[in-house]
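Nothing fancy with the numbering, it's 1 onward along the sequence. Predicted, not measured: the structure shown is a model, and the values here were computed from it.
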Amino acid sequence: MRSLPPLVKLIEKCSKNDDMEKKLKRYKYGMLILTFFAYMSYHLSRKPLSIVKGELHHNCSKEDLQNGNTTHNTSTWCDFPPFDSPDYKSLFGELDYAFLFAYAIGMFFSGMIAERVSLRYFLSIGMITSGAFTAMFGIGYFAEVHVLYFYIIAQVFNGLAQTTGWPGVVTCVGNWFGKSKRGLIMGVWNSHTSIGNILGSVVASAFVGSQWGMSFVVPGIFIAVMGVIVFFCLIESPSDLGIDPADSSCICNYERVNANEDDEEGPKCDDGNKVSDGIREEVAISFLAASKIPGVIEFSLCLFFAKLVSYTFLFWLPLYIQNQSSLGAADSGLMSTLFDIGGIVGGITAGIISDKLNGRAYTCGVMLIIGAGMMGLYNTYGSVSLTVNIVLLLITGAFVNGPYALITTAVSADLGTHEVLQGNSKALSTVTAIIDGTGSIGAAIGPLLTGIISQKKWMAERFHHAHFIQYYCCFLFDSVDDQGDETASTRRRSSTLVLSLE
């Protein structure tokens, strides 16, 4: 049992007479709220770059025309070097790629580290470090740093620090909540992603027109402060409080058997081995063993295509709206939040439907097929009017981000506590990291391709993403029958995995 956080120790001293049920309920939902705000801060600190892009390079001639200024003889006088060059979109793509590629590679290692260290230290250190490198990007404005590598270095190390977030919070929530209504609970909880994006857009938009460096410094401070709060408050598991719903049993090969209280030698498992304190210590599984869990590889590849689309919207939608309309950088950033608002509704809806049908795969597949069609409609009719743009953004966000949220939360938690693990909870972080890490490779490729393709034609990039998402749906239906009901081939894999884990 790990030591309790400082603030929780104080609460425990003041509430010694509380019964176990009341204590469990208090901390269970307390940790849900804490991890919600923790990961919200991660996404809040990722959003500023997409808002600031329009300020780093914009139409200076248009600004001169609006202000009646004719003294400038160059169309890039108002741009921030080194983003004043004609290939500025490629430079933006490199910044995105630096963050996302580091995030994708680091994620595969992050999950394995999270299984072996304290999640409280893991998350708090990662959040404080991420805050420092987020602020570093903004400091470049105040220090007038015009070297591209300065910003790339900030993006790379920020990407690595951000990998601590997802395996940590999903593992914590998975430890506190069982599979009952997991889709609904995690669908609501996962709205932290979209709310973080929305708040990040609002904060960045507030400073982008005056001092864009503050668009990074403020979110950096916010996530660092949240890291300190996590250190003082996070309880990783109910067992840290001495709460065991089945304290009259022991775990053997990760299966519970009755303990014999009269046995002087203490409780024993089926194989006759002694178990200290009635529980056999769980051992973290290897990366290879986690990848063999039925459904992990399939859903990892599915998320690859989903995040490719979603992160392209995350990093490029504000600039696209600005280029396709008369809106400025700040207004375009606020307009882009509609995609995330739709994502909140989509994530909750996907969770409810998947719980009712007991079918995560079919829910994701159907919604993403519709999402592919909505992307085509947005590309064709999004510029017709402001009203049409708003409606299409909301609907597209719901059908793209909804299934993406379901895979990264409920599906990851389901697979991390799969029946073949026989109760071992030490696989959740690694499984989450494999799925999200693979998806993050797609997230890195999408914005990079956009930076290259958008030099020629945005429409071509949109059609590419529609094909990606359609392929994702086909792959999802063909590869995964259902998370609750495995196919015969999956059952054969399950029996093989059980042998390898024992």
Side-chain angles (χ1 to χ4, degrees), residues 38-57 79-84 88 90-107 110 122-166 168 196-197 199-231 311 314-315 318-319 329 333 440 443-444 447-448 451:
Y39 203 70
M40 183 195 75
S41 68
Y42 276 92
H43 265 262
L44 187 150
S45 64
R46 293 180 196 177
K47 188 65 178 178
L49 180 59
S50 66
I51 307 299
V52 172
K53 283 177 181 176
E55 186 67 20
L56 295 176
H57 186 106
D79 296 334
F80 188 84
F83 306 104
D84 56 348
Y88 68 97
S90 295
L91 299 183
F92 290 157
E94 290 177 18
L95 289 178
D96 295 339
Y97 190 69
F99 174 90
L100 292 168
F101 185 74
Y103 182 87
I105 298 301
M107 183 61 73
S110 183
F122 185 70
L123 279 169
S124 57
I125 292 173
M127 294 173 77
I128 294 171
T129 304
S130 177
F133 285 108
T134 300
M136 174 181 168
F137 198 107
I139 290 172
Y141 166 80
F142 297 104
E144 297 186 357
V145 178
H146 301 297
V147 180
L148 179 64
Y149 288 110
F150 173 85
Y151 300 99
I152 288 180
I153 290 172
Q155 288 288 85
V156 168
F157 283 101
N158 192 19
L160 291 173
Q162 290 254 333
T163 62
T164 58
W166 197 237
N197 291 339
L199 292 178
S201 298
V202 172
V203 171
S205 297
F207 297 103
V208 68
S210 54
Q211 294 181 320
W212 63 258
M214 294 301 294
S215 298
F216 292 90
V217 173
V218 173
I221 293 173
F222 185 88
I223 188 174
V225 170
M226 278 304 306
V228 175
I229 294 173
V230 164
F231 177 80
Y311 268 68
L314 174 67
F315 282 92
L319 186 61
S440 297
L448 178 67

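In this structure a side-chain-to-backbone donor-acceptor pair under 3.5 Å is missing from Ser45 to Ile223. A donor-acceptor contact shorter than 3.5 Å is absent between the side chain of Ser130 and the backbone of Gly126. Side-chain atoms of Ser205 never come within 3.5 Å of backbone atoms of Val202 as a donor-acceptor pair (strictly under, hydrogens ignored). Using modelled atom types, one side-chain atom of Ser215 and one backbone atom of Ala204 make a donor-acceptor pair closer than 3.5 Å. At least one donor-acceptor pair closer than 3.5 Å links the side chain of Tyr151 to the backbone N or O of Val145.
Separating the CE atom in Met136 from the CG atom in Asn158 is a distance of 10.0 Å, to the nearest 0.5 Å. Atom CD of Gln155 and atom CG of Leu100 lie 8.5 Å apart (nearest 0.5 Å). In this structure, CE in Met127 is found 11.0 Å from OG1 in Thr134, a value given to the nearest 0.5 Å. Distance CG/Leu91 to CG/Asp96: 11.0 Å, rounded to 0.5 Å. Leu199 contributes atom CG, which lies 7.5 Å from atom CZ of Phe222 (distance to the nearest 0.5 angstrom). Here the CZ-CG distance, from Phe101 to Leu160, works out to 10.5 Å after rounding to the nearest 0.5 Å.
With contacts defined as side-chain heavy-atom distances shorter than 4.5 Å, the pair Ile51/Phe207 does not qualify.
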* Go through the steps for Ile139 and Phe216 under the test side-chain contact (heavy atoms from CB on, under 4.5 Å), then give the verdict. => CA-CA 8 Å; Ile139 290 172; Phe216 292 90; over 6 Å; no

* Asked: Please walk me through it: do Trp166 and Ser110 pass side-chain contact (heavy atoms from CB on, under 4.5 Å)?
  -> CA-CA 9 Å; Trp166 197 237; Ser110 183; over 6 Å; no

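Here the closest non-hydrogen pair linking Phe92 and Lys53 is CZ-O, 3.5 Å. Heavy atoms only, all atoms of each residue included: Pro219 and Met214 are closest at CD-O, 3.9 Å. Closest approach of Leu148 to Glu94, counting heavy atoms only: CD2-OE1, 3.7 Å. Here the shortest heavy-atom pairing between Ala38 and Met226 reads N-CE, 3.8 Å. Shown here for Ser124 and Val230, the closest heavy-atom pair between the two residues is N-CG1, 4.3 Å.
Ring planes of Tyr103 and Phe99: parallel class, angle under 30° (limits at 30 and 60°). The aromatic rings of Phe83 and Phe80 sit parallel to each other, their planes meeting at less than 30°, with 60° as the upper class boundary.
Within 6.0 Å of atom CZ in Phe157, 12 or fewer heavy atoms from other residues, nucleotides or ligands are found, so the atom counts as exposed in its surroundings. The environment of Tyr149 atom OH is sparse: at most 12 non-hydrogen atoms of other residues, nucleotides or ligands sit within 6.0 angstrom.
The aromatic ring centres of Phe133 and Phe137 sit 6.0 Å or more apart.
Side-chain N/O atoms of Tyr311 and Ser440 include no donor and acceptor closer than 3.5 Å.
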